[in-house]
Amino acid sequence: MAVVPDAPVAPVVPLWVRSGRAIRSAVTHETTVTAARAVARHSLYVVGGARIVARRTWDGRTAARYERMLRAAEAAGNHEAAAEWEERGQRFREARHRRRMDLLHSPVDAAKGMLVGTGMGIGGLVALGVVLAIANKDATDVVTPLMAVIEFIRLMITIVQVVWGPLVSIGPFLALLALWAVGRHQQAAPTWALPANVRNEEGEPITPSIVVKALRDLGVPALRNAIKEMGDAGASMLGPIRIAGCGVEVDVTLPSGVSTIEVQNRRRKLAENLTRHEHEVFITIPQAARTVRLWIADSGALDEPIGPSPLVTDETLTADYAKGRAPWGQDLRGDAAALSLYQRHLLITGLSNQGKTAALRALALWLALDRTVEFRVADLKGAGDWAMFDGLATVLIQGPTDEHVIEATEMVEGGVAEMERRLTAPPGTAFPPLILLVDEAQVAFMCPLTDADKRPYGGSKATSRYFMAARKIHNQGRAVNVLLWQGTQDPTDQNLPKLVREGAHTRAALALGTESQARMALGDKAVDGGAAPNLLRPGLDKGTVVVASDGIAIPAGQSSITVRTHYIDTDTAAEIAERAKRLRDGVTTLHVIERDEERDPLADIATVLGNAPRVLTADVLKRLSALNADAYGKWTPGDLKRVLEAAGAEPYKSDGRMVVGRDRVARALANRDADGSASASE
């Protein structure tokens, strides 16, 4: 007979283990936790209400309230308010003394008043009874009013006897209910016991005692011990608390042995001690030694949008490259933040989808309202964010491919050629501003292609074409108003070389991932001074930039400023660009830079003239250089004049300046083509 193996037997779990699991599951269940929190909350409302009532009673009977206000005024440095509260406290004590002295005489006065009042009351009742007796001719009516009063008193005593028992029984419950109501109204329970919608309410107003307590509980032993040893409980550390925009600002002088970096590194804990979120507290280092400046936002204020840009609301607004400032947004104090763009290279960086292009485009749109400024734009994302510059920029490259990178590189090299032409011009020559703008510049730095001479377009070596063109403009372009603006994502040493990022005069950063990226974007000085774009919230702080530049007003002692930029959507940007186009005579935008082919100078001149009836010879040279730097980058006014005179379309003066006429060039082209056709037929 075959032997059948025993079937596996499931292990037997002891009853006490199963019971323990069931109990643990029940204890940690959400419903159980919610119920326990509710019981604790309502119980603590009673305790908190009793504490509040006791404190109110104590404040009403003593001068404690005046002492608190006096200390707060002294801590805030408001000596006038401190003197006023001291005077009020003294008046309260004098009035209290008079009341106590009156209490010593009140029993005797009360007894005298009672005896006199009783005698007068009984006499009045008897007199009333005599009148009734005479009127009714009944002697017994003399005591009728007196007996009526006695019966009324007896009735009141009976009512009190009936009500007193139940009142004594429910009185304590009514008192507890009153205390509970007070505690519930004031939310006098720990934060963990409050409902979720209450726990997330706005933070407390910032007072000197709250700031000192937040610093004391920061976890720095030297700071905590120093505050305990101070006779004024740490109030002397604080400067005046000033209203600053949508928050307050206060300078804190740290005690000996505590460094500013120890406070900076505990920003999150400090914010939580102040009942704020981390992004609502900013710590900067002013000029005073051993001092930190705290800016504390009103709870939730930074999540509110700012108003529209003046570019949108004021259709008459114009720009001035040399003397004006671009209305970029608002600082944290709610003041307008305006940026000077005069002779400053610009770098703006941040994580993807944080508003980098919108912030950069807002500056370009303002500057476009100065008709003397020429733009050459390369958008290496190619999503149409810069399409409104068609007809406004002399060059517009849009696309993310390697071919677009080659065109962008040659556009920047054309800017180098224009810069070198200006540098060799006679002294005193005025040069209109030329802005070379490359959005998503990291695509150019990361391009792997090489040219026919084996020179790479991307990279950060001396052979890199884009890198070297950017470096040349950074080195000398500012002197002749040839400027490079770059926008880039997620900065690293590979996609944003050190020499290029440090060549920018204005450096701005939106939300970044790490402190090392913040240092790449803004520099060590700005980050060591408190700049922290890595602490901005990706997605929630869109359009908020940290700026390090001498072109914007930065509070004394700080190395950077945080700006909430105005958002201008693409449709509105197109409307502003149309206003800028109406200020100009007409601009022909080149979309592709042609390379390595025979040039027809007269046809190219006609191309760059566009629809304008006449264009200054200097502007024609610039446009030709943008069209093809290799062919026209070194042209002088003499070269242009020679070609035009040979074709019979020589330049002429208009308003005292040499111009090239569109009709003359078109007529010369037509005559040339007709001559060519006639020769061919012969």
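Every value quoted in this text rests on a predicted model; they were computed, and no experiment measured them.
- Heavy-atom minimum distance, F375 versus A368: CE1-CA, 3.7 Å.
- When all heavy atoms are compared, the tightest approach of R376 to L434 is NE-CD1, 3.6 Å.
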In sequence, state the C-alpha distance, the side-chain angles, and the governing distance for L270 and L215, and then conclude on side-chain contact (heavy atoms from CB on, under 4.5 Å). CA-CA 7 Å; L270 178 61; L215 293 168; 4.1 Å; yes

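- If you take CG on D490 and OG1 on T349, they are separated by 7.5 Å, rounding to the nearest 0.5 Å.
- When every heavy atom of L274 is checked against every heavy atom of V211, the shortest pair comes out as CD2-CA, 4.1 Å.
- Note that the NE2 atom of H474 and the CG atom of L483 stand 9.0 Å from one another [nearest 0.5 Å].
- No donor-acceptor contact under 3.5 angstrom links the side chains of D251 and T291, judged on distance only.
- Remark: D385 engages K381 in a salt bridge, criterion side-chain N to carboxylate O under 4.0 Å.
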Apply side-chain contact (heavy atoms from CB on, under 4.5 Å) to the pair I552 and D331, showing each step before the final yes or no. CA-CA 11 Å; I552 193 169; D331 61 18; over 6 Å; no

Going through the checks in order, is the side-chain contact (heavy atoms from CB on, under 4.5 Å) test met by T394 and T588? CA-CA 6 Å; T394 54; T588 301; over 6 Å; no

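- Although no hydrogens or angles enter the test, the distance criterion places a donor-acceptor pair under 3.5 Å between the side chain of R344 and the main chain of Y342.
- Counting heavy atoms from C-beta on, the side chains of R361 and T570 come closer than 4.5 Å.
- Defined by atom type and a distance below 3.5 Å, a donor-acceptor pair is missing between the side-chain atoms of Q517 and N534.
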Would E578 and R582 count as a salt bridge (charged side-chain N to carboxylate O under 4.0 Å, His left out) here? Give the steps. CA-CA 6 Å; E578 288 300 321; R582 290 195 292 269; 5.1 Å; no

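- D528 and R519 are joined by a salt bridge, as a carboxylate oxygen and a charged side-chain nitrogen come within less than 4.0 angstrom of each other.
- Atom NZ of K472 is surrounded by 12 or fewer heavy atoms from other residues, nucleotides or ligands within 6.0 Å.
- Counting only distance, with no hydrogens or angles, the side chain of E374 and the backbone of I435 share no donor-acceptor pair below 3.5 Å.
- Between L223 and R216 there is no side-chain heavy-atom pair separated by less than 4.5 Å.
- Contact of the Q486 side chain with the V500 side chain is registered, since non-hydrogen atoms from C-beta on lie closer than 4.5 Å.
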Using the rule given for side-chain contact (heavy atoms from CB on, under 4.5 Å), can you reason through D439 versus W386, listing the C-alpha separation, both sets of side-chain angles and the distance that settles it, and then say yes or no? CA-CA 9 Å; D439 196 7; W386 295 90; 3.0 Å; yes

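- The closest side-chain heavy-atom distance from W635 to L624 is below 4.5 Å.
- In this structure, E272 does not pair ionically with R276, as no charged nitrogen and carboxylate oxygen lie closer than 4.0 Å.
- Salt-bridge annotation for K356 and E440: present, with a side-chain N of the basic residue lying under 4.0 Å from a carboxylate O of the acidic one.
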Could you please spell out the steps behind the side chain to side chain donor-acceptor pair (under 3.5 Å) verdict for Q343 and N481? CA-CA 6 Å; Q343 293 189 342; N481 288 328; 3.2 Å; yes

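- With values rounded to the nearest 0.5 angstrom, E575 atom CD is found 12.0 Å from L311 atom CG.
- R471 places a side-chain N or O within donor-acceptor distance of the main-chain N or O of L499, the cut-off being under 3.5 Å.
- The structure places CD1 of I283 at 10.5 Å from CZ of R266, a figure rounded to the nearest 0.5 Å.
- Salt bridge absent: E418 and K622 never bring a charged side-chain N and a carboxylate O closer than 4.0 Å.
- A donor-acceptor pair is defined here as one N or O able to donate and one able to accept, closer than 3.5 Å; no such pair exists between the side chain of S549 and the backbone of R507.
- Judged by distance alone, the side chains of D379 and H404 never bring a donor and an acceptor atom under 3.5 Å apart.
- Checked by atom type and distance alone, the side chain of W328 pairs as donor or acceptor with a backbone atom of A359 at under 3.5 Å.
- A 4.5 Å side-chain heavy-atom check between I473 and L436 finds at least one atom pair inside the cut-off.
- With 3.5 Å as the limit, one finds no donor-acceptor pair spanning the side chains of D451 and Y457.
- Ring orientation note: the planes of H345 and H505 are close to parallel, at an angle under 30° on the 30°/60° scale.
- Side-chain atoms of H566 come within 3.5 Å of backbone N or O of G307 as a donor-acceptor pair.
- Closest approach of V416 and A469 over heavy atoms only: CG2-O, 3.6 Å.
- More than 12 non-hydrogen atoms from other residues, nucleotides or ligands lie less than 6.0 angstrom from CG of L449.
- In this structure, the separation between CZ on F445 and CG on D493 is 11.5 Å, given to the nearest 0.5 Å.
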With salt bridge (charged side-chain N to carboxylate O under 4.0 Å, His left out) as the test, would you mind laying out the steps for E420 and R422 before giving the verdict? CA-CA 5 Å; E420 292 173 345; R422 294 182 178 190; over 6 Å; no

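- Salt-bridge formation is detected for the pair R465/E413: a Lys NZ or Arg NE/NH1/NH2 atom is positioned less than 4.0 Å from an Asp or Glu carboxylate oxygen.
- Between F389 and A364 the shortest heavy-atom distance is CZ-CB, 3.8 Å.
- Looking only at distances, no side-chain donor or acceptor of R293 sits under 3.5 Å from a matching main-chain atom of I285.
- Side-chain N or O atoms of R325 include none that pairs as donor or acceptor with a backbone N or O of L339 at under 3.5 Å.
- Nearest heavy atoms, V405 versus A444: CG1-CA, 3.8 Å.
- Taking 4.5 Å as the limit, every side-chain heavy atom of V443 sits out of range of all side-chain heavy atoms of P400.
- The closest side-chain heavy-atom distance from M237 to P255 is below 4.5 Å.
- Side-chain contact check for D569 and T572: at least one donor-acceptor pair (N or O, by modelled atom type) lies under 3.5 Å.
- When atom types are taken as modelled, the side chain of N495 and the backbone of Q442 share no donor-acceptor pair closer than 3.5 angstrom.
- Using a 4.5 Å heavy-atom cutoff, the side chains of V527 and E515 are in contact.
- Within the cation-pi definition used here (under 6.0 Å to the ring centroid, within 45° of the axis), R267 qualifies as a partner of F282.
- Applying the 6.0 Å contact sphere to CZ of R242 captures more than 12 heavy atoms from other residues, nucleotides or ligands.
- No donor-acceptor pair closer than 3.5 Å links the side chain of T409 to the backbone N or O of Y466.
- One distance of note links OG of S340 with NZ of K323; it measures 12.5 Å at 0.5 Å rounding.
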